[in-house]
Amino acid sequence: MLARVASATRASNDGMSRSGGDTETGVRQRSGWLIPLGVFLVTAALSAMFLLFYLAPGPTSFIEEHPAPTSRTDPVSVTVDGASFTIPANYFIYRSARQGGAHKEVALFTTLPNFRGYSDWYSQDFTDNTADSPLVNLLIREEELNLGEAERLQRIYLNYVVDPKGKPGPFGLTKFTFRDDSGYRGEDLLVGHLDRHLVVLRCVRLTEKVPSPSCLRDVRLARGVALSYRFKRAHLVHWQDIAGGVEALVRSFRTHK
(Lines give C-alpha, C1' and ligand atoms only; values in the text may rest on other atoms or scores of the structure.)
Protein backbone atom coordinates (compact mmCIF):
# COMPACT_ATOMS: atom_id res chain seq x y z
CA MET A 1 0.00 0.00 0.00
CA LEU A 2 2.74 2.45 0.97
CA ALA A 3 4.58 1.55 -2.21
CA ARG A 4 1.54 2.42 -4.34
CA VAL A 5 1.13 5.82 -2.58
CA ALA A 6 4.82 6.67 -3.09
CA SER A 7 4.58 5.69 -6.73
CA ALA A 8 1.48 7.88 -7.24
CA THR A 9 3.20 10.78 -5.50
CA ARG A 10 6.24 10.51 -7.74
CA ALA A 11 4.02 10.38 -10.85
CA SER A 12 2.14 13.48 -9.67
CA ASN A 13 5.38 15.37 -9.04
CA ASP A 14 6.73 14.35 -12.44
CA GLY A 15 3.55 15.63 -14.11
CA MET A 16 3.75 18.97 -12.29
CA SER A 17 7.41 19.29 -13.22
CA ARG A 18 6.66 18.69 -16.89
CA SER A 19 3.70 21.12 -16.77
CA GLY A 20 5.87 23.82 -15.18
CA GLY A 21 8.54 23.27 -17.80
CA ASP A 22 6.01 23.65 -20.60
CA THR A 23 4.74 26.92 -19.06
CA GLU A 24 8.24 28.37 -18.74
CA THR A 25 9.00 27.41 -22.35
CA GLY A 26 5.80 29.13 -23.56
CA VAL A 27 6.67 32.31 -21.67
CA ARG A 28 10.16 32.34 -23.14
CA GLN A 29 8.75 31.83 -26.65
CA ARG A 30 6.20 34.65 -26.27
CA SER A 31 8.87 36.98 -24.86
CA GLY A 32 11.04 36.22 -27.87
CA TRP A 33 8.54 37.68 -30.36
CA LEU A 34 6.88 40.33 -28.14
CA ILE A 35 10.05 42.45 -27.86
CA PRO A 36 10.70 42.72 -31.65
CA LEU A 37 6.99 43.43 -32.19
CA GLY A 38 7.11 46.26 -29.67
CA VAL A 39 10.21 47.74 -31.29
CA PHE A 40 8.55 47.54 -34.72
CA LEU A 41 5.37 49.28 -33.52
CA VAL A 42 7.29 52.10 -31.82
CA THR A 43 9.46 52.61 -34.91
CA ALA A 44 6.41 52.69 -37.18
CA ALA A 45 4.67 55.23 -34.95
CA LEU A 46 7.72 57.52 -34.86
CA SER A 47 8.11 57.27 -38.64
CA ALA A 48 4.45 58.20 -39.16
CA MET A 49 4.79 61.19 -36.84
CA PHE A 50 7.92 62.33 -38.72
CA LEU A 51 6.21 62.12 -42.10
CA LEU A 52 3.10 63.87 -40.84
CA PHE A 53 5.08 66.72 -39.28
CA TYR A 54 7.50 67.36 -42.14
CA LEU A 55 5.63 66.30 -45.26
CA ALA A 56 1.97 66.97 -44.60
CA PRO A 57 0.68 70.18 -46.21
CA GLY A 58 -0.20 73.09 -43.95
CA PRO A 59 -3.75 74.30 -43.38
CA THR A 60 -3.51 76.82 -46.22
CA SER A 61 -2.80 73.96 -48.64
CA PHE A 62 -6.24 72.53 -47.97
CA ILE A 63 -8.19 75.77 -47.80
CA GLU A 64 -7.28 78.56 -50.22
CA GLU A 65 -8.56 81.97 -49.26
CA HIS A 66 -10.87 83.49 -51.84
CA PRO A 67 -11.31 87.19 -52.63
CA ALA A 68 -13.80 88.84 -50.31
CA PRO A 69 -14.02 92.56 -51.16
CA THR A 70 -16.00 95.06 -49.14
CA SER A 71 -17.32 98.53 -49.83
CA ARG A 72 -16.43 99.67 -46.29
CA THR A 73 -13.88 102.45 -46.15
CA ASP A 74 -12.79 102.32 -42.50
CA PRO A 75 -8.99 102.51 -42.11
CA VAL A 76 -7.00 99.33 -41.46
CA SER A 77 -3.46 99.45 -40.04
CA VAL A 78 -1.03 96.83 -41.35
CA THR A 79 2.74 96.36 -41.30
CA VAL A 80 5.02 94.54 -43.73
CA ASP A 81 8.53 93.89 -42.40
CA GLY A 82 8.23 96.93 -40.13
CA ALA A 83 6.83 99.30 -42.79
CA SER A 84 3.49 100.71 -41.63
CA PHE A 85 0.44 101.39 -43.79
CA THR A 86 -3.08 102.63 -43.10
CA ILE A 87 -5.34 101.50 -45.92
CA PRO A 88 -9.11 101.87 -46.44
CA ALA A 89 -10.84 98.50 -46.12
CA ASN A 90 -12.23 98.58 -49.67
CA TYR A 91 -8.74 98.29 -51.19
CA PHE A 92 -8.06 94.88 -49.62
CA ILE A 93 -8.73 91.77 -51.70
CA TYR A 94 -8.80 89.30 -48.77
CA ARG A 95 -10.72 89.39 -45.54
CA SER A 96 -7.78 88.14 -43.45
CA ALA A 97 -5.66 91.20 -44.31
CA ARG A 98 -8.48 93.53 -43.24
CA GLN A 99 -7.96 92.28 -39.70
CA GLY A 100 -4.80 94.39 -39.64
CA GLY A 101 -1.50 93.63 -37.95
CA ALA A 102 1.74 92.22 -39.37
CA HIS A 103 1.76 90.41 -42.72
CA LYS A 104 4.39 89.04 -45.09
CA GLU A 105 2.37 90.41 -47.99
CA VAL A 106 -0.80 92.42 -48.52
CA ALA A 107 -2.83 92.08 -51.74
CA LEU A 108 -4.77 95.16 -52.86
CA PHE A 109 -6.68 96.26 -55.93
CA THR A 110 -7.89 99.41 -57.59
CA THR A 111 -9.14 100.53 -61.01
CA LEU A 112 -8.17 102.97 -63.72
CA PRO A 113 -8.26 105.83 -64.18
CA ASN A 114 -9.24 107.13 -60.73
CA PHE A 115 -7.50 104.55 -58.48
CA ARG A 116 -10.50 104.13 -56.25
CA GLY A 117 -11.27 101.23 -53.95
CA TYR A 118 -13.95 98.61 -54.36
CA SER A 119 -17.60 99.56 -54.33
CA ASP A 120 -20.75 97.60 -55.02
CA TRP A 121 -21.65 100.08 -57.75
CA TYR A 122 -18.46 99.33 -59.71
CA SER A 123 -18.06 95.70 -58.64
CA GLN A 124 -17.83 94.42 -62.23
CA ASP A 125 -14.65 96.43 -62.80
CA PHE A 126 -12.97 94.48 -60.00
CA THR A 127 -13.77 91.07 -61.51
CA ASP A 128 -13.13 91.97 -65.15
CA ASN A 129 -10.31 90.00 -66.82
CA THR A 130 -10.79 91.13 -70.40
CA ALA A 131 -7.92 92.54 -72.42
CA ASP A 132 -8.88 96.13 -71.61
CA SER A 133 -9.93 95.59 -67.99
CA PRO A 134 -9.38 98.68 -65.80
CA LEU A 135 -8.28 96.52 -62.87
CA VAL A 136 -4.87 97.12 -61.29
CA ASN A 137 -3.57 94.53 -58.81
CA LEU A 138 -1.06 95.59 -56.18
CA LEU A 139 1.05 93.52 -53.80
CA ILE A 140 3.04 95.00 -50.93
CA ARG A 141 5.44 92.28 -49.84
CA GLU A 142 8.64 91.37 -48.06
CA GLU A 143 11.58 91.41 -50.48
CA GLU A 144 14.89 89.74 -49.63
CA LEU A 145 16.72 90.91 -52.76
CA ASN A 146 16.16 94.55 -51.80
CA LEU A 147 16.92 95.79 -55.34
CA GLY A 148 15.93 99.09 -56.89
CA GLU A 149 14.68 99.12 -60.47
CA ALA A 150 18.04 100.16 -61.95
CA GLU A 151 19.81 97.36 -60.08
CA ARG A 152 17.15 94.83 -61.05
CA LEU A 153 17.48 95.87 -64.69
CA GLN A 154 21.28 95.61 -64.76
CA ARG A 155 21.84 92.60 -62.51
CA ILE A 156 18.93 90.43 -63.62
CA TYR A 157 16.89 91.34 -66.67
CA LEU A 158 19.60 92.44 -69.13
CA ASN A 159 21.29 89.08 -68.70
CA TYR A 160 18.34 87.41 -70.43
CA VAL A 161 17.57 89.72 -73.36
CA VAL A 162 18.44 89.25 -77.03
CA ASP A 163 20.04 92.69 -77.40
CA PRO A 164 21.18 94.54 -74.24
CA LYS A 165 21.14 97.84 -76.15
CA GLY A 166 17.43 97.59 -76.82
CA LYS A 167 15.38 99.28 -79.53
CA PRO A 168 12.91 102.18 -79.60
CA GLY A 169 9.61 100.85 -78.33
CA PRO A 170 6.05 102.14 -78.10
CA PHE A 171 4.94 105.21 -76.16
CA GLY A 172 8.44 106.55 -75.51
CA LEU A 173 9.73 103.31 -74.00
CA THR A 174 12.86 101.33 -74.85
CA LYS A 175 12.03 97.75 -75.78
CA PHE A 176 14.10 94.66 -74.98
CA THR A 177 13.11 91.15 -76.06
CA PHE A 178 13.72 88.28 -73.66
CA ARG A 179 15.43 85.21 -75.07
CA ASP A 180 13.32 82.12 -75.69
CA ASP A 181 15.67 80.06 -73.52
CA SER A 182 15.11 82.31 -70.48
CA GLY A 183 12.52 82.11 -67.76
CA TYR A 184 11.01 85.32 -69.14
CA ARG A 185 10.27 83.94 -72.61
CA GLY A 186 7.04 85.24 -74.03
CA GLU A 187 7.59 88.65 -72.41
CA ASP A 188 8.95 92.02 -73.50
CA LEU A 189 11.02 94.29 -71.28
CA LEU A 190 10.03 97.94 -71.57
CA VAL A 191 11.99 100.72 -69.87
CA GLY A 192 11.21 104.40 -69.49
CA HIS A 193 11.67 107.36 -67.16
CA LEU A 194 9.18 109.24 -65.03
CA ASP A 195 10.34 112.33 -63.15
CA ARG A 196 13.95 111.13 -63.42
CA HIS A 197 12.98 107.75 -61.98
CA LEU A 198 13.43 104.55 -63.95
CA VAL A 199 10.30 102.58 -64.79
CA VAL A 200 10.92 98.92 -65.71
CA LEU A 201 7.97 96.93 -67.03
CA ARG A 202 7.70 93.27 -68.00
CA CYS A 203 4.83 92.83 -70.43
CA VAL A 204 3.47 89.49 -71.63
CA ARG A 205 3.07 89.32 -75.40
CA LEU A 206 -0.35 89.07 -76.96
CA THR A 207 -0.88 85.59 -78.44
CA GLU A 208 -3.75 83.22 -79.13
CA LYS A 209 -2.99 81.47 -75.85
CA VAL A 210 -2.73 84.76 -73.96
CA PRO A 211 -5.53 87.01 -75.27
CA SER A 212 -5.50 89.25 -72.18
CA PRO A 213 -1.82 89.98 -71.39
CA SER A 214 -0.61 92.13 -68.50
CA CYS A 215 2.37 94.30 -67.59
CA LEU A 216 4.19 94.02 -64.26
CA ARG A 217 6.40 96.48 -62.39
CA ASP A 218 8.41 95.94 -59.18
CA VAL A 219 9.23 98.97 -57.01
CA ARG A 220 11.38 99.13 -53.88
CA LEU A 221 9.42 100.87 -51.10
CA ALA A 222 11.81 100.47 -48.18
CA ARG A 223 14.58 98.17 -47.07
CA GLY A 224 13.13 94.68 -47.25
CA VAL A 225 9.76 95.86 -48.63
CA ALA A 226 8.68 96.02 -52.28
CA LEU A 227 5.57 96.85 -54.29
CA SER A 228 4.45 94.94 -57.38
CA TYR A 229 1.60 96.17 -59.52
CA ARG A 230 0.03 94.65 -62.60
CA PHE A 231 -2.24 96.13 -65.27
CA LYS A 232 -3.46 95.08 -68.70
CA ARG A 233 -1.07 95.63 -71.59
CA ALA A 234 -3.87 97.34 -73.52
CA HIS A 235 -3.34 100.31 -71.15
CA LEU A 236 0.40 100.54 -71.81
CA VAL A 237 -0.16 103.83 -73.62
CA HIS A 238 -0.96 105.28 -70.17
CA TRP A 239 2.09 103.77 -68.42
CA GLN A 240 3.21 107.16 -67.05
CA ASP A 241 -0.22 107.99 -65.60
CA ILE A 242 -0.45 104.50 -64.12
CA ALA A 243 3.01 104.69 -62.56
CA GLY A 244 2.34 108.12 -61.10
CA GLY A 245 -1.13 107.16 -59.89
CA VAL A 246 0.00 103.94 -58.20
CA GLU A 247 2.95 105.64 -56.52
CA ALA A 248 0.69 108.44 -55.23
CA LEU A 249 -1.85 105.93 -53.96
CA VAL A 250 0.70 103.84 -52.07
CA ARG A 251 2.33 106.98 -50.71
CA SER A 252 -1.06 107.98 -49.27
CA PHE A 253 -1.18 104.64 -47.47
CA ARG A 254 2.23 105.02 -45.83
CA THR A 255 2.32 105.71 -42.10
CA HIS A 256 5.58 107.33 -41.09
CA LYS A 257 6.48 106.99 -37.42
Spatial distance of atom [atom1] ([X]) from atom [atom2] ([Y]) [nearest 0.5 Å]:
X    : Y    : atom1 : atom2 : result
F231 : L138 : CZ    : CG    : 11.5 Å
D132 : R233 : CG    : CZ    : 15.0 Å
H235 : I242 : NE2   : CD1   : 7.0 Å

Pairwise side-chain contact, [X] with [Y], heavy-atom cut-off 4.5 Å (strictly under):
X    : Y    : answer
L173 : V199 : no
L221 : F85  : yes
V136 : T110 : yes
T127 : P67  : no
V204 : S214 : no
L249 : L108 : no
R217 : E149 : yes
Y118 : T70  : no

Legend entry - Pairs satisfying disulfide (SG to SG under 2.5 Å), at least one member in residues 136-222, at least two apart: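 Every pair satisfying disulfide (SG to SG under 2.5 Å) with a residue in residues 136-222: C203-C215.
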
Inset, instruction - Starting from F178, walk the hydrophobic network (Ile, Leu, Val, Met, Phe, Trp, Tyr; side-chain heavy atoms closer than 4.5 Å) and list everyone else you reach, by chain and number. - result: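 For the cluster that includes F178, the remaining residues are L145, L147, L153, I156, Y157, L158, Y160, V161, F176, Y184, L189, V191, L198, V200.
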
Inset, instruction - Starting from L216, walk the hydrophobic network (Ile, Leu, Val, Met, Phe, Trp, Tyr; side-chain heavy atoms closer than 4.5 Å) and list everyone else you reach, by chain and number. - result: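 For L216, no cluster forms, as it stays isolated from other hydrophobic side chains.
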
Inset, instruction - List the steps, then state whether side-chain contact (heavy atoms from CB on, under 4.5 Å) holds for R141 with D81. - result: CA-CA 8 Å; R141 69 184 195 283; D81 197 25; over 6 Å; no

Inset, instruction - Provide the full list of salt bridge (Lys or Arg N to Asp or Glu O under 4.0 Å) pairs with a residue in residues 202-215, sequence neighbours left out, each pair given once. - result: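 Sorted pair list: E187-R202, D188-R205.
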
Legend entry - Evaluation steps, side-chain contact (heavy atoms from CB on, under 4.5 Å), between E105 and V80: CA-CA 6 Å; E105 61 181 34; V80 177; over 6 Å; no

Legend entry - Qualifying side-chain hydrogen bond (donor to acceptor under 3.5 Å, both in side chains) pairs, either residue in residues 236-246, two or more places apart: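 Passing the test, one end in residues 236-246: no pairs.
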
Legend entry - side-chain hydrogen bond (donor to acceptor under 3.5 Å, both in side chains) pairs, two or more places apart, involving residues 88-100: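 Qualifying pairs: E65-S96.
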
Legend entry - Note: D181-R179 ion pair, threshold 4.0 Å (strictly below):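 Between R179 and D181 there is a salt bridge, with a charged N closer than 4.0 Å to a carboxylate O.
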
Inset, instruction - Kindly determine whether R72 and D74 satisfy salt bridge (Lys or Arg N to Asp or Glu O under 4.0 Å), including the steps that lead there. - result: CA-CA 6 Å; R72 290 175 18 230; D74 47 298; 2.9 Å; yes

